[in-house]
Amino acid sequence: MSHPDPNPPILYSFPAKADLVEHLATFVVKKQLEAINRKGRFTLALSGGSLPDTLGGLIGHSSVKWDKWHVFYVDERVVPHDHPDSNHLACTDKLFSKVPIPKENIHPIDATLLDNIEELADEYEKELIREFASKDSARFPVFDLILLGMGPDGHTASLFPGHSLLSEEDRWVAYIEDSPKPPPKRITLTYPVINHAAIVAFVATGKGKQDILATVLDNPDEGLPSSRVRPVSPGHLYWFVDDEAAVKVSYPRTPFTL
Ligand SMILES: O=C(O)[C@H](O)[C@@H](O)[C@H](O)[C@H](O)COP(=O)(O)O
């Protein structure tokens with residue numbers, strides 16, 4: 001007999017993307033205040049793809065303490081910071097250029113190491129160690145919040161179905177040179193880091209996510225990369241989706257409350 005999951009993912013579905021954007025901002029602001037009250041800072045990791053587009057609700061929000069934010073990237077494409085594929089560029093365009101966040105609190109990849117992907121990943125891991133190791137004595141960094149997207153094949157971060165990186169247990173940051181989603185060279189946080197976060201929230205919207213969202217939420221045993229995101233206790237997993245993406249999902253929705 002299987003036991004009920006003591007810490008199930010929470011699914012929030014909103015009628016339209018604009019509602020999701022507004023409520024995601026409310027959620028991030030609340031998690032930010034809780035973290036700052038606890039330890040005086042807020043550590044966040046952001047994904048690329050369409051995720052930066054959903055952060056607009058934070059712009060002009062009166063309760064955001066930008067000087068306490070410390071932002072890393074869940075994954076990054078190995079390209080210069082001003083390249084159209086750069087996740088740092090997307091987040092800068094959509095959010096950081098519009099809010100008073102100190103530049104030194106944003107942690108992009110070291111663009112002088114683009115020709116040496118192994119060193120690039122190692123250096124990014126050292127950047128995490130500098131931020132976390134002496135402050136949280138845990139074996140893995142504990143982000144206050146990690147925001148993830150999900151691809152139509154069920155990948156998240158740069159963790160793709162069937163890839164050997166899915167079984168990485170030690171490294172905090174890894175690299176891949178064969179990403180099926182272009183560009184092929186990327187660095188990524190690994191599951192041990194993602195699954196040690198206090199809060200992980202996926203954001204998925206639109207028709208293109210309908211089939212994969214149903215598979216990931218209703219058939220997690222298929223083991224797709226997004227289904228393997230399960231923060232260890234006391235961490236929590238949330239899904240912010242729009243009703244269009246959730247059309248085929250049976251998994252129960254939870255009304256959004258804080
Ligand atoms: O840099 C990246 O490519 C990502 O971080 C990746 O994991 C992304 O979040 C998903 O592919 C979803 O992308 P979309 O939101 O654009 O579908």
Side-chain angles (χ1 to χ4, degrees), residues 13-14 17-18 20-21 24 28 44-57 71-96 106-109 111 114 117 120-121 124 128 143 145-163 165-166 168 172-191 193-195 197 200-217 224-229 237-242 244-247:
S13 187
F14 301 96
K17 189 172 167 184
L20 181 156
V21 167
L24 179 65
V28 173
L44 170 71
L46 294 175
S47 296
S50 60
L51 192 271
D53 284 333
T54 63
L55 302 175
V71 184
F72 290 79
Y73 291 100
V74 169
D75 66 336
E76 181 57 289
R77 296 95 180 263
V78 180
V79 293
H81 292 161
D82 59 355
H83 190 282
D85 285 337
S86 163
N87 288 341
H88 176 58
L89 179 67
C91 288
T92 302
D93 283 352
K94 300 289 177 186
L95 183 64
F96 301 142
I106 302 169
H107 300 270
I109 55 171
L114 298 178
I117 194 168
L120 182 73
Y124 206 67
L128 287 182
F143 275 96
L145 177 63
I146 293 184
L147 292 178
L148 296 175
M150 175 177 66
D153 58 353
H155 81 259
T156 189
S158 288
L159 301 165
F160 291 89
H163 199 281
L165 261 194
L166 302 190
E168 177 58 50
W172 293 9
V173 180
Y175 66 89
I176 66 169
E177 299 181 280
D178 55 357
S179 165
K181 177 182 180 183
K185 292 188 180 182
R186 292 147 172 264
I187 65 160
T188 183
L189 301 185
T190 57
Y191 281 117
V193 175
I194 294 172
N195 282 333
V200 180
F202 275 97
V203 180
T205 60
K207 197 165 187 289
K209 302 288 159 74
Q210 286 176 351
D211 291 325
I212 196 65
L213 190 61
T215 305
V216 165
L217 284 170
L224 283 169
S226 296
S227 299
R228 296 179 185 217
V229 173
L237 176 62
Y238 296 85
W239 282 84
F240 283 75
V241 307
D242 62 358
E244 189 180 27
V247 148

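As the structure lists them, so they are numbered: ligands from 1, and atoms in each ligand from 1. This structure is a prediction, so every number in the text was calculated from the model and none was measured.
The shortest N or O to N or O distance between His155 and ligand 1 is below 3.5 Å. Residue Lys181 places at least one N or O, backbone or side chain, under 3.5 Å from an N or O of ligand 1.
Pairing each heavy atom of Val216 with each of Ser226, the nearest pair is CG1-CB, 3.9 Å. Scanning all heavy atoms of the two residues, the minimum distance from Thr205 to Leu20 falls at CG2-CD1, 3.6 Å. In terms of heavy-atom proximity, Asp153 sits nearest to Pro161 at O-CG, 3.2 Å. Among all heavy-atom pairs drawn from Pro108 and Tyr124, the shortest one is O-CE1, 3.6 Å. The minimum heavy-atom distance between Ala157 and Thr188, with the atom names listed, is CB-OG1, 3.4 Å. In this structure, Ser47 and Gly149 approach most closely via the heavy-atom pair OG-N, 3.7 Å.
Every atom of ligand 1 with a heavy atom of Arg77 under 4.0 Å away is listed here by number and element: 1 (O), 2 (C), 3 (O). Below 4.0 Å from some heavy atom of Gly149 lie the following atoms of ligand 1, by number and element: 9 (O). Every atom of ligand 1 with a heavy atom of Arg186 under 4.0 Å away is listed here by number and element: 1 (O), 2 (C), 3 (O).
If you look at Ala157 next to ligand 1, the close heavy atoms, those under 4.0 Å, all belong to the backbone. Only backbone heavy atoms of Met150 (N, CA, C or O) come within less than 4.0 Å of ligand 1; its side chain stays farther off.
Ligand 1 has at least one atom lying under 4.0 Å from a heavy atom of Lys209. Contact annotation: Asn87 has at least one heavy atom less than 4.0 Å from an atom of ligand 1.
From the protein, the heavy atom lying nearest to atom 5 (O) of ligand 1 is Asp75 OD1, 2.6 Å. Nearest protein neighbour of atom 16 (O) of ligand 1, counting heavy atoms only, is Ser50 N, 3.0 Å.
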Between Leu189 and Leu128, does the side-chain contact (heavy atoms from CB on, under 4.5 Å) criterion hold? Intermediate values first, please. CA-CA 10 Å; Leu189 301 185; Leu128 287 182; 3.8 Å; yes
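Ring geometry for Phe96 versus His88: interplanar angle of 30 to 60°, hence tilted.
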